[in-house]
Number of protein chains: 2
Amino acid sequence: MTVKTNTKGASKLPLNQILDGDCIEIMNSLPEGSIDLIFADPPYNLQLKGDLHRPDNSKVDAVDDEWDQFSSFAVYDKFTNGWLKAARRLLKPHGAIWVIGSYHNIFRVGAAMQNAGYWILNDVVWRKSNPMPNFRGKRFTNAHETMIWASKEEASKYTFNYEALKSLNEGVQMRSDWVLPICTGHERLKNEEGEKAHPTQKPESLLHRVLVGSTNPGDVVLDPFFGTGTTGAVAKKLGREFIGIEREEAYRKVAEKRLSKVRKFDRESLQVSTSKRAEPRVPFGQLVERGMLTPGDELYSMNNRHKAKVRADGTLIGDDVKGSIHQVGAALEGAPSCNGWTYWCFKRDGQRVPIDLLRQQIRAEMADRPN
Amino acid sequence: MTVKTNTKGASKLPLNQILDGDCIEIMNSLPEGSIDLIFADPPYNLQLKGDLHRPDNSKVDAVDDEWDQFSSFAVYDKFTNGWLKAARRLLKPHGAIWVIGSYHNIFRVGAAMQNAGYWILNDVVWRKSNPMPNFRGKRFTNAHETMIWASKEEASKYTFNYEALKSLNEGVQMRSDWVLPICTGHERLKNEEGEKAHPTQKPESLLHRVLVGSTNPGDVVLDPFFGTGTTGAVAKKLGREFIGIEREEAYRKVAEKRLSKVRKFDRESLQVSTSKRAEPRVPFGQLVERGMLTPGDELYSMNNRHKAKVRADGTLIGDDVKGSIHQVGAALEGAPSCNGWTYWCFKRDGQRVPIDLLRQQIRAEMADRPN
DNA sequence: TATGCTACTGAATCGACAC
DNA sequence: TGTGTCGATTCAGTAGCAT
């Protein structure tokens, strides 16, 4: 597999590979601050009576219940703190992490994340549309899992493709509860005996939403509990780089085979809807400089209750107020802020036209002739 | 109010009263092992910074009350451990507890519950049908809260009214995610100034489901953070005894007034929640996430005059147009609007098939297992 | 009385960048 | 590191008043 070098520090990164070994050791061997996003589906084999294992796979001694429970919690917490710390070291300053779990472990994991300095952005509920029923009728059907989305620290400028997610949700902003089916059918990988290759294979739809929403093409995504490689498969399809860590040979084999068959979507299909924030800034003064508006022209507020006059330096003057289009609009409305671009209109052929139209013209020209 | 004596230890219990004071001190003054169920809605420790305005410039009325302020995680943890310990002492051997929270606090609370010896039975997600949006477009809409349901210890024979819940859910097993609206309208209590009496009043529908599912008539329900008394009101309606603890006089007053008006349901009046659901909304993006269509796939218009390509975010790109299936269809036809579901087809085995067929598949899956 | 329009609201950790 | 300025951003629903 190829190794790209267009990402900072990426030359040292084993991109698009599955690394064999203990995830903490492997992570500690990778360069600091080199990863954009981590997706982690850590094991949680506690509370399974008769099959209680430590994360290092040694059996937990059967002692009295209370001590046993406390002991295994402590072991699990130590394991959790260990991999979370190693993961955080790898993240770029503006990197982020997703962790998925169920009620058996997610509360401990979430608390550990907060204690380690991660800044929780949302918890997201994966609502399974076809969960396993509760056969004994003693509890609620366990129909969801919880994901925690957190940035490396409070100040991180994390990636969030708001418009793309809104598009995925047909024009309504994406909520913190996602209804998606579990992984079944052809997508569910089988081993050579025809049994399911991994007990908790995640659906690609889940990773699609995670990666479209919180990464950009070319970003490096690390999955320290790679399993059968759902994270890698979706990353490859979406034009992201991945690094997987998995210590079970059987899973690595299945994942390698799976990944070899995956093809990247074509470039045009990977383009997603972007927000206005991503567009170049146009100072209002440019409309005056270019003669699209002339000093002395009158602008009218959206609600037609106020007017103001354009000045040569690209500021406005209204009744007792002068300043930028935003400042004058805010002052006249008595509002804490105001987007002057959508607030002010000018007259053309007797029609009121938002000044934002002129900005769009300039932006269109810029797109035709970049720089 | 009357004091019943049919419950063990109940003669010492201040039933159907609101107790004034610190919840830990009050709980420690009540007899050990006397409570059937605890419902707790502790402070969330929101840690809000500046003001937040809606896009229309109106200010969001934030939860900035003194009781939600904690100086650090450590202080919050100490508080949490304190009340959880006092609560557990009060529970009967087969008693249980519900705690509600958001991502700000629920992970710490859940871990503390496990450490204190509670045995988690389920986490239940309250999916809000009408949450407040994310106004800045920087995160997912915070559309749910999490409840943890736990028994006093692993061996507890907790109460679970499986059939009653199944009836509440139109004959299907109750799942771990509940769709309920937030508390608004006339149910939302106002103070004498006409402002909301409590910033975080919970809907009665939520408590209804909790109490029907995990208590029996005559059981004693304790709420250590009583607020305006939703737990008490629903308990009274359902013929359960309640004890409330609340240290804010303003909340106690509102709750007393509220409770004085509440009448117990007569035995036959099962209020039926006939939820005549509209057909669930299926965003086109979900067909892409779920792999029913792939980014790069081509769609063809019904009249075969146009085609467009599917993108990773569930938008289409045609000749010089991009946007939702509806927008692109309308643009290509020069029409003011267009139903993309019936306008676009994909090819399967050389045949043109309307994409609406795929939507119907998803709806059929959802109909099999409602809610 | 029915219908339509406007105003308002809800547990929210809700900028980025230049100087 | 702080300050000032630009300017992007909302969904489902209820209440109340006007027609």
Side-chain angles (χ1 to χ4, degrees), chain A residues 94 114 118-123 149-151 154-158 160 162-163 166 169 171-176 274-279 281-285 314-315 323-330 335-344 355-356 359, chain B residues 41-65 67-70 73 100-106 126 128-146 179 181-188 190 194-196 198-203 225 227 281:
Chain A
H94 301 317
Q114 291 181 313
Y118 290 100
W119 188 248
I120 299 184
L121 300 166
N122 276 114
D123 61 334
W149 176 42
S151 58
E154 186 178 355
S156 298
K157 288 172 193 153
Y158 54 92
F160 184 61
Y162 176 75
E163 291 293 339
K166 195 171 167 178
N169 200 30
V172 182
Q173 66 176 208
M174 190 69 81
R175 301 167 37 118
S176 60
T274 54
S275 80
K276 286 187 192 166
R277 273 186 272 255
E279 303 203 32
R281 276 169 74 145
V282 177
F284 175 73
T315 58
S324 71
I325 52 173
H326 317 292
Q327 290 168 332
V328 174
S337 71
C338 171
N339 183 344
W341 289 107
T342 51
Y343 180 75
W344 293 107
I355 59 173
D356 200 36
R359 180 171 66 162
Chain B
D41 183 9
Y44 289 7
N45 188 22
L46 287 186
Q47 307 175 63
L48 303 178
K49 302 266 172 2
D51 288 345
L52 178 65
H53 292 87
R54 298 184 180 80
D56 65 4
N57 271 324
S58 63
K59 186 165 173 257
V60 174
D61 184 13
V63 179
D64 52 4
D65 305 72
W67 50 255
D68 199 45
Q69 309 296 325
F70 296 83
F73 280 142
I100 184 168
S102 68
Y103 67 85
H104 309 84
N105 71 324
I106 198 65
W126 169 27
K128 303 178 184 183
S129 55
N130 50 350
M132 188 161 74
N134 186 292
F135 296 117
R136 307 299 294 269
K138 303 304 291 183
R139 302 183 177 189
F140 299 97
T141 309
N142 213 333
H144 75 275
E145 293 189 27
T146 301
V179 180
I182 60 177
C183 183
T184 60
H186 290 114
E187 190 187 333
R188 190 79 193 221
K190 306 280 191 292
E195 303 157 324
K196 59 188 174 192
H198 192 283
T200 70
Q201 186 183 339
K202 296 293 175 288
F225 308 99
R281 205 176 63 94

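Any value given below was found using the heavy atoms of this structure, including those in side chains, with hydrogens, waters and symmetry copies removed. So that the names make sense, note that chain A is the first sequence line, chain B the second, and so on, each numbered from 1.
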> Counting only side-chain N and O atoms of A:Asn339, is one of them less than 4.0 Å from OP1 or OP2 of D:dA8?
Replying inline: yes
>> Once you apply a heavy-atom cut-off of 4.0 Å, does A:Thr342 come out as touching a base, just sugar-phosphate, or nothing?
In response: nothing
> Taking only N and O in the side chain of B:Lys128, is any of them less than 4.0 Å away from OP1 or OP2 of D:dG13?
Replying inline: no
>> For a quick check of understanding: with a heavy-atom distance under 4.0 Å over all strands, which category does B:Pro42 fall into, base, sugar-phosphate or nothing?
In response: base
> Side-chain N or O of A:Tyr158 less than 4.0 angstrom from OP1 or OP2 on C:dG15?
Replying inline: no
> Is there side-chain contact between B:Asp61 and B:Glu195, with at least one heavy-atom pair below 4.5 Å?
Replying inline: no
> How far, in whole Å, is C:dT1 from D:dA18 if one measures between their C1' atoms?
Replying inline: 14 Å
> Is A:Ser337 near enough to D:dG7 that one of its side-chain N or O atoms lies under 4.0 angstrom from OP1 or OP2?
Replying inline: no
>> Is A:His326 close enough to D:dG7 that one of its side-chain N or O atoms is under 4.0 Å from OP1 or OP2 there?
In response: yes
>> Once you apply a heavy-atom cut-off of 4.0 Å, does B:Gly50 come out as touching a base, just sugar-phosphate, or nothing?
In response: base
>> Would you say B:Lys49 places a side-chain N or O within less than 4.0 Å of OP1 or OP2 belonging to C:dC14?
In response: no
>> Need the pair for D:dA18. Rule: Watson-Crick or G-U wobble, both distances under 3.5 Å, any strand; none if unpaired.
In response: C:dT3
>> Below the 4.0 Å mark, does C:dA11 have OP1 or OP2 next to a side-chain nitrogen or oxygen of B:Arg188?
In response: yes
> Taking OP1 and OP2 of C:dG15, is either one under 4.0 Å from a side-chain nitrogen or oxygen of B:Arg136?
Replying inline: yes
>> Within the 4.0 Å heavy-atom criterion, would you say B:Glu195 contacts the bases, only the backbone, or no part of the nucleic acid?
In response: nothing
> If you measure from the Lys or Arg side-chain nitrogens to the Asp or Glu carboxylate oxygens, is any gap between B:Lys49 and A:Glu154 under 4.0 Å?
Replying inline: yes
>> Strictly below 4.0 Å: does B:His104 bring a side-chain N or O up to OP1 or OP2 of C:dA12?
In response: no
> With distance as the sole criterion, do the side chain of B:Lys138 and the base of D:dA8 form a donor-acceptor contact below 3.5 Å?
Replying inline: no
> For C:dA11, what is the paired nucleotide under Watson-Crick or G-U wobble rules, both distances under 3.5 Å?
Replying inline: none
>> Categorize A:Phe284 for me: base, sugar-phosphate, or nothing, with a 4.0 angstrom heavy-atom threshold over every strand shown.
In response: nothing
>> Tell me if the centroids of the rings in A:Phe160 and A:Trp149 come within less than 6.0 Å of each other.
In response: yes
> Hey, does A:Ile325 reach any base, or is it just sugar-phosphate, or nothing, if we go heavy atoms under 4.0 Å?
Replying inline: nothing
>> Does A:Arg359 contact D:dG7 through a side-chain donor or acceptor facing the base, at a distance under 3.5 Å?
In response: no
>> Can you say whether a donor on the side chain of B:Thr184 sits under 3.5 Å from an acceptor on the base of D:dA12, or the other way round?
In response: no
> So what does B:Asn142 touch, heavy atoms closer than 4.0 Å: a base, only the sugar-phosphate, or nothing?
Replying inline: sugar-phosphate
>> Looking at D:dA8, which nucleotide sits across from it as a Watson-Crick or G-U wobble partner, both distances under 3.5 angstrom, or is there none?
In response: none
> Do the non-hydrogen side-chain atoms of B:Phe140 and B:Asn134 ever get within less than 4.5 Å of each other?
Replying inline: no
